[in-house]
J.: 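Have a look at this one.
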Amino acid sequence: MEYNFRKIESEWQKKWKDTNAYNVSNDFSKPKYYVLDMFPYPSGAGLHVGHPLGYIASDIYSRYKRLKGFNVLHPMGFDSFGLPAEQYSIETGQHPAETTKNNIATFKSQLDKIGFCYDWNREVQTSDPNYYKWTQKIFLELFNSYFCNSCKQTKPISELIKKYETKGSSKFSAEAWNSFSEAEKSEWLMKRRLAFSSYGEVNWCEALGTVLANDEVVNGVSERGGHPVVKKKMRQWYLRITAYADRLLQGLETVDFSESMKEMQRNWIGRSEGAEIDFIVEVGEDETTVTKTDLGNGFILEDISITSTQADTWLKVYTTRPDTVFGVDFMVIAPEHDIIEEITTDGQKQAVEDYITYVKSRSDRERQAEKNISGVFTGAYAVNPFNGVRIPVWISEYVLAGYGTGAIMGVPCGDERDFKFAKHFNIPVTNIIGEHFNGTEANPTKEATLENSGFLNGLLMKDAIAVANNKIEEMGIGKRKVNYKMRDAGFSRQRYWGEPFPIVWENGIPKPLSETELPLELPYVEKYGPGPEGEGPLANITEWINTPEGRRETSTMPGYAGSSWYFLRYMDPHNAEQFVNRELSDYWNQVDLYIGGTEHAVGHLLYSRMWTKVLFDLGYISFEEPFKKLLNQGMIQGSSRFIHRITLRADITSLFDDTKDTPVMSSNANVLVSKSIFDKIKEDKELLKQILEKHLSEFGIKDFEKIKVVEGQPSIFHVDVNFVDGQELDIDAFKKWRNGEYSKATFILEDGSIYNSNSTSKYICSSETEKMSKSKYNTVNPNELCDQYGADTFRMYEMFLGPVDQSKPWDTKGIEGVHRFLKKLWRLFFDETKGKVWNEEAPKAAELKILHRTIRKIEEDTERFSFNTAVSAFMISVNDLADAKCNKRAILEPLLILLVPYAPHIAEELWHALGNETLIIDAPYPLYESKYTVESSKEYPVSINGKVRTNINIALDAEEAEVKQIVLANETVQKWLEGKAPNKFIFVKNRMINIVP
RNA sequence: GCCUUGGUGGUGGAACUGGUAGACACGCAGGACUUAAAAUCCUGUCUUCAGCAACGGAGGUGCGGGUUCGAUUCCCGCCUGAGGCACCA
């Protein structure tokens, strides 16, 4: 009986499916464990070997936990709304619902082949109305909620309305509120809602015909497709994620994410502590003397009297370094700043206008690509409130309007950009840090002692920050302030294939649909072209957008809407009354293990964390962070193979010289050269000429004298990796590639010989690691590997490649080794000729040791997600058992259970071959006995001062070995040791005794 | 530039809290079985020195130092790969 994996795997997959073996019940009596994969976007390309890496890891862990007695939720679904399906529809005319359906079917069949234990009864698809009904419902919750700034919590907007009605706010009284029109009320409330509509600058992508969120724009172009993106003012929906910035930051302390992932999120949120400071700006031409009282705001200019034109206006700047306030040499404001018109002097007016025109002409992309130093002086001066120094106010594009106050104080001795700016415009630099500043380079240190800094003199900069802040607040000219880089997230897309907003606009006021009207289904459309005035395709369907109440919102929700809460729906996927039942969400609770790529660090992972916090505050769920532990699988890169080619082009026009009108005739010959001799052959004109002549003679052309070789063009191209074994090209297979495009080519092998049917040398390809992609011919399809070696081999090999969280290039070569291991395991049970070889003999101690050592190792490795070493441990054990000729059931049976997470099919098959009736996937995980996992007596090397001196036999009490108790059994060594008077024994890892005198 | 994370044979990678570096696998070389192939099995495989032999000597985990009886592991300073952020004041 041989290992027939094809039969075994398809039979067990069918059996598991037929018996609903993977259905998960809500059995509250068992401890739960929730393992989740980031659900895929079902693209048309299908899976390549990179995709299942994380799925295999999560499957192993789920199965392991199940064997350990947990009730494991391990679902799968599809993030099926999104741009690519719609782009594809525009190109092909096929409805996105149709292509999505097909793609999902392909994905599922591919996933099933690998033998995953998903409970498909819990599948969710974000584009299913039964699902997006609840996405819309949660949107309404967001719309009907606000963030209470004092209690830092989400609250129903109705509470805010009540407050306005009875107490008013800092902006208006209760009476004023009650007299507001509906539109005015709506507008005020809009400033607080968590999902709100507002005019703002958005990232508009003309090619895609939609706006994009900040994280969907990379280097000024769209993440998908790489189309240019411009800023545009439009009415949009937003998510008030900024309100949760601090909680998102604090929450990171409570979850188990990798340091780099946390760092990326912290970076994106970009919290910084600093101060806002008001500076007086002098405007106008009248020379007057400013007295203390003129400055207002209660601050006192100490003993400084300044001559000023007029204290006309205030400029608010944001700085994280108020300690450097005596080093301010200029102010810079963003070109979009409102104050510009007010403060620009007549003399500078033209220059300022020219500069602003110039800035507007530059796209974001240009601004990022070439960081020119540019700017213009406004003519106005600010006054440093601490020393009365007049500071010129400049405009420059390096200051961003959207961050802080859109204005900064320039401290060139401490800030690199400010220094460059000062140098460029010849602004004198004040040094406040003495020798720490060398005059040629800014020094952003916080460790220097301040000089030339009035009341801050002599203080260390990092200590001076608080002192300066206190002073600023005391003087009433500013206050401490925390800023964030993160912006509110754009939440609408001018597209068709997304969730419609449950909103109707009545007289310019957005009215939410009631919950009974959900789902608001997407209408069917024929065309996906954009609507008028930048609206989405839905705007074209007049019968849909116009309702008796008003006009429907025509944009749809972005891709991340559905994925922000899907982990909740798996808990209760068929609930028609609620998005999730509270009892069930209390039970299943947080996702214990979430596996996916790093690419969602600042998108999906932040949004879903925010939604969870909102739903927690509103009392729908009992946990505030959705994902307890996040494991990022590494990317599997493609390993591309290249062929070196010399294309010989022969001009054979001359052969037809009897007719004058003959066009240029040429004949191409491909010479494909093995990697290392390519450079040599390239220069070998004589050889190339011979090859060309041989090539032409096959077409009956013999008159070589008349032919000139036009060129021998060297080039390198991608070859399909499936034709290459390691580096060696399978020439015969390759010749059939692309309908035999290279069937007539000449192959020059590594030793310089020309390939023929009995060549001994090889054709060697060059290689490079690149992203896996169809166009590079470096994709490997998991289906093919499953067909060739089986799903069990494939699963174990993907794990064997290396740590899951590490990126690595794919190389099919080593898969044989894993396959051999499974065959070797099989042979412990069955012999090809003899049939059954396993027996019921009692195990020996040495064999029990192998077993228990393995149980312990596999368990430890699986727990710490070290799946690659676990696979190695299996190999070692099977090697040991084969060497010991151990075919005993008592040893083999527990091993099979250990194997279930890694290779479920073969484990199940052999389990039943041993006569078991129940499914092995539900068997209890074996426990190891420590008396078998510790060597009880052995030769150990003994070292003195780290030098290995001798081996001694040491008798260990098995139980005591763990607590490092040893008994020296060798008399001579003991005597010798006594003579040396050792005072310290270090017994390490059952391996070595170190004696320290 | 900043942040995060890596650097170990021909290759992928082991070595978990400092304890015999290179497990396991691929590849390669040699051998057994076979008419032959496939399959399977065995031996060798970090470098170097010495040798009839070995559980022999020496060196060795990017580079240079340090702590320690002992360092791939800890500390300091460099070099370098990958990923992320990048006018965020």
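Proteins get letters first, then strands, A, B, ... in listed order; numbering begins at 1 in each. Quick caveat, the model's predicted, so the values are computed rather than measured. Side chains included, hydrogens not; waters and symmetry mates left out as well; all remaining heavy atoms used.
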J.: Please compare A/Q637 and A/E259 by the position of their nearest nucleotide in RNA chain B and report the one closer to 5'.
T.: A/E259
J.: Give A/I876 one of three labels, base, sugar-phosphate or nothing, depending on what nucleic acid heavy atoms sit under 4.0 Å from its own.
T.: sugar-phosphate
J.: Classify A/S272 by what it touches in the nucleic acid, base, sugar-phosphate, or nothing, heavy-atom distance under 4.0 Å.
T.: sugar-phosphate
J.: Quick check for you: among B/A23, B/A14, B/A89, whose closest atom lies nearest to any side-chain atom of A/T320?
T.: B/A89
J.: For A/R487, report the nucleic acid contact type (base, sugar-phosphate, nothing); a contact means any heavy atom under 4.0 Å.
T.: base
J.: Quick one: label A/P803 by what it contacts on the DNA or RNA (base, sugar-phosphate, nothing), any heavy atom closer than 4.0 Å.
T.: sugar-phosphate
J.: Rounded to whole angstrom units, what separation is found between the CG atom of A/N868 and the P atom of B/C16?
T.: 13 Å
J.: Tell me which nucleotide among B/C16, B/U40, B/A89 gets nearest to the side chain of A/R827.
T.: B/U40
J.: Under 4.0 Å, counting only non-hydrogen atoms across every strand here, what does A/S260 touch: a base, just sugar-phosphate, or nothing?
T.: sugar-phosphate
J.: Across the strands shown, which category fits A/V871 at heavy-atom distances under 4.0 angstrom: base, sugar-phosphate, nothing?
T.: nothing
J.: Please work out if A/E2 contacts a base, only the sugar-phosphate, or nothing of the nucleic acid, heavy-atom cut-off 4.0 Å.
T.: nothing
J.: Between A/D418 and A/R864, name the one whose nearest nucleotide on RNA chain B is closer to the 5' end.
T.: A/R864
J.: Quickly work out the A/H819 NE2 to B/C24 P distance and round it to whole Å.
T.: 21 Å
J.: Could you tell me if the side chain of A/S374 sits less than 4.5 Å from the side chain of A/E397, heavy atoms only?
T.: yes
J.: Taking the minimum atom-to-atom distance to the side chain of A/R820, which one of B/G13, B/U40, B/C85 wins?
T.: B/U40
J.: Aromatic rings A/H819 and A/Y3: how do their planes relate, parallel, tilted or perpendicular, breaks at 30° and 60°?
T.: tilted
J.: Answer with base, sugar-phosphate or nothing: what part of the nucleic acid does A/K823 contact at a heavy-atom distance below 4.0 Å?
T.: sugar-phosphate
J.: Looking only at the side chains, is there a donor atom on one of A/Y797 and A/D792 sitting less than 3.5 Å from an acceptor on the other?
T.: no
J.: Does RNA chain B take part in any stems of at least 3 consecutive Watson-Crick or G-U pairs (both distances under 3.5 Å), and if so, which ones?
T.: B:1-7 with B:79-85, B:10-12 with B:24-26, B:27-32 with B:40-45, B:46-49 with B:56-59, B:62-66 with B:74-78
J.: Are A/E259 and A/R266 close enough for a salt bridge, meaning some N to O gap below 4.0 Å?
T.: yes
J.: What's A/R266 touching, base or sugar-phosphate or nothing? Going by heavy atoms closer than 4.0 Å.
T.: nothing
J.: Got a sec, which pairs hit side chain to side chain donor-acceptor pair (under 3.5 Å) with one end in residues 799-808 of chain A, sequence neighbours left out?
T.: none
J.: Kindly label the base of B/G62 as syn or anti, based on whether its glycosidic torsion lies within 90° of 0.
T.: anti
J.: Among the nucleotides B/A14, B/C16, B/G27, which one has an atom lying closest to any side-chain atom of A/K813?
T.: B/G27
J.: Given B/C85, B/A14, B/C24, which nucleotide is nearest the side-chain atoms of A/T869?
T.: B/A14
J.: Give the nucleotide from the list B/A89, B/C42, B/G13 with an atom nearest to the side chain of A/L400.
T.: B/A89
